[in-house]
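See below for the structure under consideration.
In the text below, chain A, chain B and the rest are named by the order of the sequence lines, each starting its count at 1. Being a predicted model, the structure only gives us computed values, none of them experimental. Values below: all heavy atoms of this structure, side chains included; hydrogens, waters and symmetry mates excluded.
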There are 2 protein chains.
Amino acid sequence: MNARERLVESARALLWERGYVGTSPKTIQQRADAGQGSMYHHFAGKEDLAEAAIRRTAGELRAAADALLSGPGTAIDRVTAYLRRERDVLRGCPIGRLTQDPDVMVTPALRAPLEETFGWLRARLAAVVREGVDRGELRPTLDPAATAAAIVATLQGGYVLARAAGTTEPFDQAVGGILALLGAHTVRPRPKEGH
Amino acid sequence: MNARERLVESARALLWERGYVGTSPKTIQQRADAGQGSMYHHFAGKEDLAEAAIRRTAGELRAAADALLSGPGTAIDRVTAYLRRERDVLRGCPIGRLTQDPDVMVTPALRAPLEETFGWLRARLAAVVREGVDRGELRPTLDPAATAAAIVATLQGGYVLARAAGTTEPFDQAVGGILALLGAHTVRPRPKEGH
DNA sequence: GTCTATATCACGATAGAC
DNA sequence: GTCTATCGTGATATAGAC
């Protein structure tokens, strides 16, 4: 792995752990085992390196989500697979967390990937819900866009609750909660609804 | 308003806007129109002042939530009132955002109020859901804790999506989405379920 | 490409006068 | 209580040698 590559990976890890305001070029360099000269040769500065790091992370996140949401099974199966996939819950979402970073939000080049990523994700989930409705798996009263937003929000909020609690428990509860609510909107095999 | 008070209010605003790592004592002093000597007279340092600010914000948040959740109406009415109350959506949650701050998370005195606040909020919402079930307003299949976690998570995640999008739209969609899902779990007047 | 030296400024806090 | 002076450290970057 060359220096440029190491710098991007180092920046990705630190942006995830500490955000943009909380990360200094020096720290990035040390973790990458690269000198200052090296970093400023490959990148115009902190912002430029951060942009490369964020774009790569966003790309990976999108690919991982797409793989599960395009998988086999019913709409609910796929949403469940996506929500329940293995996650580093206590570390939070590497993209969602940047949404709270003041310097990221005022820098268009850094903010753009966040907007694109969540825009894409909400649209992708809405499409899955719409498919479910079209196939007769989900009730037609479900608003795909609103349902998709609620699902993504539960995920992002689940991270917040887990970090606040210091445990993954509230994350798992939130995911279980929304899936239970969604499950009742299933058309055919409404499992054990009490009555 | 005396200097001490101005410092706490200044810190509250800046912690909301920029987080703990993104806020310097100097900035707090300038906004409070107070000198360094003044700040270090009233507080032991940045951390001490931040703790006072966070605790006050957490207290207000809790009071506001309790007022709505203890109000009149059915369980769904109260949850709806809470979720739909006026909010500065694009500014995000002043407590939830601190969950992404690396220095807050490793400082017990600063982290504790977050844990307490969300712990209380989840329990309070779970109690409302439980009441709804007991009163026959909500289906007994609903798990109060899981449902409560999903509701709070939707709120916190809604902020994330709104900030990423630069619009309040996804927040409103997420809230509408979860309320629609929850509405179908209403016992009596199941409105227009299609079939 | 990578290194070291240097520059400028901000951070977070302390000291002691008033 | 509030002020100014000062301290040591780190942030972010540039310059120029190798």
In whole Å, what is the span from the [atom1] atom of [X] to the [atom2] atom of [N]?
| X | N | atom1 | atom2 | value |
| --- | --- | --- | --- | --- |
| B:Q36 | C:dA17 | CD | P | 18 Å |
| B:I28 | C:dG12 | CD1 | P | 9 Å |
| A:K26 | D:dT12 | NZ | C1' | 11 Å |
| B:Y40 | D:dC7 | OH | C1' | 13 Å |
| A:D103 | D:dT12 | CG | P | 9 Å |
| B:M39 | C:dA13 | CE | C1' | 9 Å |
| B:D48 | C:dA13 | CG | P | 10 Å |
| A:D33 | C:dG1 | CG | P | 18 Å |

(message) Testing the 3.5 Å rule here: is there a donor-acceptor pair between the side chains of A:T80 and A:D77?
(response)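 Distance-only check fails for A:T80 and A:D77.
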(message) For a quick check under 3.5 Å, do B:R4 and B:S38 share a side-chain donor-acceptor pair by atom type?
(response) no
(request) Look at A:S24 and D:dG10 and indicate whether a side-chain polar atom (N or O) is within less than 4.0 Å of OP1 or OP2. (result)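 For D:dG10, OP1/OP2 do not have a side-chain N/O of A:S24 under 4.0 Å.
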Among [options], find the nucleotide with the atom closest to the side chain of [X].
| X | options | result |
| --- | --- | --- |
| A:K46 | D:dC3, C:dT14, D:dT12 | D:dT12 |
| A:H41 | D:dT4, D:dT2, C:dT2 | C:dT2 |
| A:H42 | C:dG1, D:dA13, C:dG12 | C:dG1 |

(message) Regarding B:E9 and B:R56, does a basic nitrogen lie under 4.0 Å from an acidic carboxylate oxygen?
(response)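 Between B:R56 and B:E9 there is a salt bridge, with a charged N closer than 4.0 Å to a carboxylate O.
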(request) Return the 5'-most residue of the pair A:P25, A:G37 with respect to DNA chain D, ranking by each residue's nearest nucleotide. (result)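 It is A:P25, whose closest nucleotide lies nearer the 5' terminus.
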(message) So if I apply the salt bridge (charged side-chain N to carboxylate O under 4.0 Å, His left out) rule between B:R12 and each of B:E51, B:E60, B:E17, which one comes out positive?
(response)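 Exactly one pass, corresponding to B:E60.
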